[in-house]
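Take a look at the structure below.
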Amino acid sequence: MMFILIVFLPGIAALIAGLYGRLLGDRPAQLITSFAVTLSAILSIVAFFQITGTDEVERIQVLHWISSGGLDFSWAILVDPLTAVMFVVVNGVSALVHWYSIGYMSHDPHKPRFFAYLSLFTFAMLMLVSADNFVQLFFGWEGVGLASYLLIGFWFDKPAANAAAIKAFLVNRIGDFGFALGIMAIFLVFNSVDYATVFEKAPDVAGTSIGFLGMELDTLTVITFLLFIGAMGKSAQIFLHTWLPDAMEGPTPVSALIHAATMVTAGVFLVARTSPLFELAPITLGFVTVVGAVTALFAGTVALAQNDIKRVIAYSTCSQLGYMFFAAGLSAYSVAIFHLFTHAFFKALLFLGAGSVIHAMSDEQDMRRMGGLFSLMPLTGTMMWIGSISLAGIGISGVFGFSGFYSKDLILEVAWASDAFGANLAYWVGLAVALLTALYSGRLLFMTFHGKARASQSAMAHAHEAPLSMNIPNMVLTLGAVLAGIFAVHGFTESEEFWGDSLFMLEESVAILEAAHHLPFWVKMIPVLAGLLGLLLAWYFYIRRPDLPAKIAEANRPLYQFLLNKWYFDEIYEALLVRPMKLLGYALWRIGDGRIIDGFGPDGFAALVMGLARRSAALQSGFLYHYAFAMLIGVAVLVSWFLFFG
């Protein structure tokens with residue numbers, strides 16, 4: 001019963017707030033959804049301690065869902081250690097976002113609708129992580145896509161929000177198409193979509209081939225590659241990442257929920273959940289490693305040049321997801337999920353802290369119009385510093401570190417120890433990104449909270465600490481950013497019993513993970529030194545010499561524009577895809593639909609009938625001699641007929 005409540009409480013709350021929000025009023029709708037998700041979060045913590053570290057796996061059948069030919073499966077809830085971890089992440093962050101939103105959305109006229117969407121988002125993600133088959137997983141997968149569309153476009157009177165929502169929906173459809181093909185291929189090969197059946201048969205399928213796109217390819221390579229295409233869309237990996245920064249058009253709590261706990265973590269979860277398939281497809285694992293490393297570098301460089309405080313954090317999310325993926329590509333699934341776990345705390349903290357700043361600055365998001373806010377918002381500034389230091393991975397091995405130190409640096413240690421394809425690239429790229437992460441995090445802190453105030457006097461006079469309804473959730477997240485890593489590192493990455501059978505690794509992968517824990521001290525400290533160097537550079541550029549960044553940007557104008565315009569991905573897609581498709585659509589509409597289909601079809605027949613009707617109407621002139629003339633013609637025709645043919 002507990003597991004059913006964990007999953008369905010947010011869904012029930014979403015229905016109540018969505019259907020009866022106007023009848024209940026703003027406050028009851030807010031409290032119903034917030035308390036429901038909070039109760040689900042508390043039960044998730046209980047489930048976490050009950051399930052992890054044991055061989056216990058719960059499978060609760062909710063109903064028999066589909067039976068069609070060989071396709072037969074139920075809607076069931078699978079709770080194993082991986083699910084239990086995701087329950088804590090999703091419900092924990094979502095509960096805090098719900099309570100934070102009560103203060104943040106206090107002036108919005110559509111509170112019940114917003115909270116219904118938040119709870120729907122949470123429910124869809126819970127359905128995704130608790131699925132015991134691929135079709136149910138796809139149901140939750142599409143559910144979070146729908147909820148993200150609704151939340152990103154929540155302020156539907158803003159054209160930019162509508163465009164961002166459509167963009168997120170369409171870009172994800174590309175990845176979801178690959179994911180759907182992967183599920184079809186799984187059913188074709190295994191004649192089942194249940195995890196247990198598919199994973200049990202996977203070793204027997206390894207080494208076989210399947211026809212795909214006119215070629216004979218390795219079966220598991222094709223299946224895992226298609227699944228990873230879906231993961232690339234949801235988790236905003238390079239080429240399918242363009243929706244993520246535009247998602248900032250939604251309210252800030254939405255950004256925290258999407259980027260920290262729900263949608264973007266779905267892809268990492270998918271790879272971890274299907275580790276029995278990925279472990280047997282080394283080519284796909286190499287591809288995952290390279291894509292993750294390139295994404296981390298791309299997003300890290302772009303974040304350096306962004307001026308919108310939320311977009312900097314958004315690209316940071318994209319970069320950290322790259323870390324998670326290249327960890328998974330190196331078969332360190334437990335480390336990838338560990339970073340997902342710690343990242344949820346400090347990234348939600350950074351987004352909600354940014355929301356407090358935006359709230360205090362009357363919706364101003366440009367860091368160039370901030371500065372000097374620490375004296376006015378010391379609590380928010382301190383929490384943002386803690387979140388940023390955790391993101392930068394600052395700590396001392398064997399002594400203490402913030403959460404990101406334990407998870408992100410362990411990813412780099414795995415890359416150092418591994419000899420898998422792409423491991424060397426991943427390590428050096430990851431090390432460079434560690435420097436970039438600290439640099440853009442320090443840039444955000446110094447431009448926002450320190451140095452000379454660049455906002456107007458009226459804006460500075462209005463700046464103030466957020467209300468307790470917003471700061472208390474941030475305080476809880478701050479504790480997570482400080483302590484989650486040190487308390488979870490042993491269980492997540494060192495205990496063989498913690499994950500049970502929920503993650504699968506070959507013996508050589510287990511050996512590499514073990515070797516990563518016993519690297520020399522200096523190897524462990526290199527990423528920390530890179531992070532400290534990045535923070536020092538940020539201080540020098542934005543406090544000691546605030547004139548220097550503008551001079552560097554001017555001296556390297558093409559490079560600066562390249563980063564400012566996000567490697568021109570949007571412009572390239574606009575030229576190669578969007579405009580040609582618009583022109584094609586316009587041609588099909590005007591020529592194909594308008595001139596051909598409508599011209600010869602409904603409009604053509606209608607015009608013919610109208611023309612005949614007009615000509616017939618012209619015969620009814622009302623003059624007697626016209627009618628007499630017509631009768632004479634008729635008599636002449638009849639007489640002629642009988643003379644010639646009678």
Side-chain angles (χ1 to χ4, degrees), residues 52-53 81-82 84-86 88-89 231 235 265 267-276 278-279 285-286 288-289 291-293 295-296 319-347 390-391 393 395 397 401-427 429-431 433-434 437 484-500 502-519 523-524 526-528:
T52 55
L82 179 58
V85 169
M86 294 304 295
V88 172
V89 171
S235 294
T265 62
V268 181
F269 168 81
L270 172 64
V271 175
R273 173 60 79 197
T274 54
S275 55
F278 277 86
E279 276 294 273
L285 283 178
V288 173
T289 302
V291 168
T295 301
S319 183
Q320 297 305 304
L321 287 165
Y323 272 108
M324 297 175 207
F325 273 113
F326 81 65
L330 298 173
S331 299
Y333 306 102
S334 59
V335 180
I337 297 298
F338 180 37
H339 192 47
L340 184 155
F341 180 78
T342 60
H343 176 265
F345 291 102
F346 59 74
K347 190 50 60 70
S390 183
L391 171 62
S397 181
F402 293 86
S403 293
F405 165 75
Y406 292 97
S407 57
K408 187 178 75 175
D409 288 16
L410 186 54
I411 293 174
L412 294 176
E413 290 161 18
V414 168
W416 175 279
S418 176
D419 58 356
F421 178 81
N424 194 43
L425 169 71
Y427 177 78
V429 167
L431 189 60
V433 174
T437 301
I486 194 170
F487 281 112
V489 62
H490 172 71
F492 275 61
T493 64
E494 298 174 5
S495 172
E496 295 181 2
E497 296 80 21
F498 182 88
W499 294 105
S502 61
L503 298 178
F504 176 75
M505 294 175 65
L506 297 174
E507 290 184 5
E508 52 267 34
S509 301
V510 175
I512 291 171
L513 184 58
E514 180 66 23
H517 289 293
H518 299 92
L519 294 177
V523 174
K524 295 176 180 290
I526 289 175
V528 178

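All heavy atoms count here, side chains included; hydrogens, waters and symmetry mates do not. In this chain, residues are counted from 1 in sequence order.
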Within this structure, what is the [atom1]-[atom2] distance for the pair [X] and [Y], rounded to the nearest 0.5 Å?
X	Y	atom1	atom2	value
Thr265	Leu321	OG1	CG	8.0 Å
Tyr406	Thr493	OH	OG1	11.0 Å
Leu431	Leu412	CG	CG	6.5 Å
Phe346	Ser407	CZ	OG	5.5 Å
Gln320	Thr342	CD	OG1	8.5 Å
Thr295	Phe325	OG1	CZ	8.5 Å

**OP:** Please lay out, stage by stage, how Lys408 and Thr437 fare under the test side chain to side chain contact (heavy atoms under 4.5 Å, CB included).
**Re:** CA-CA 11 Å; Lys408 187 178 75 175; Thr437 301; 4.1 Å; yes
Original post:
Which class fits the ring pair His339 and His343: parallel under 30°, tilted 30 to 60°, perpendicular over 60°?
Top reply: tilted
Of the non-hydrogen atoms in [X] and [Y], which two are nearest, and what is the gap between them?
X	Y	value
Glu279	Tyr333	OE2-OH, 3.0 Å
Val528	Gly393	CG2-O, 3.9 Å
Val271	Ala231	CG2-CB, 4.4 Å

Test item: [X] side-chain N/O and [Y] main-chain N/O as donor-acceptor pair under 3.5 Å:
X	Y	result
Tyr323	Ala296	no
Trp499	Leu82	no
Thr289	Gly329	yes

Original post:
Taking it one step at a time, do Phe341 and Val88 satisfy side chain to side chain contact (heavy atoms under 4.5 Å, CB included)?
Top reply: CA-CA 9 Å; Phe341 180 78; Val88 172; 4.2 Å; yes
Counting C-beta onward and ignoring hydrogens, is there a side-chain heavy-atom pair between [X] and [Y] closer than 4.5 Å?
X	Y	answer
Ile512	Leu330	no
Ser275	Met505	no
Phe498	Leu503	no
Ser331	Leu506	no

**OP:** Go through Met324 and Ile337 one step at a time and tell me if the side chain to side chain contact (heavy atoms under 4.5 Å, CB included) criterion holds.
**Re:** CA-CA 7 Å; Met324 297 175 207; Ile337 297 298; over 6 Å; no
Return all side-chain donor-acceptor pairs below 3.5 angstrom for residues 414-427, not counting sequence neighbours, or 'none' if the list is empty.
{"residue": "Ser418", "atom": "OG", "partner": "Ala420", "partner atom": "N", "Å": "3.0"}
{"residue": "Asn424", "atom": "OD1", "partner": "Trp428", "partner atom": "NE1", "Å": "3.3"}

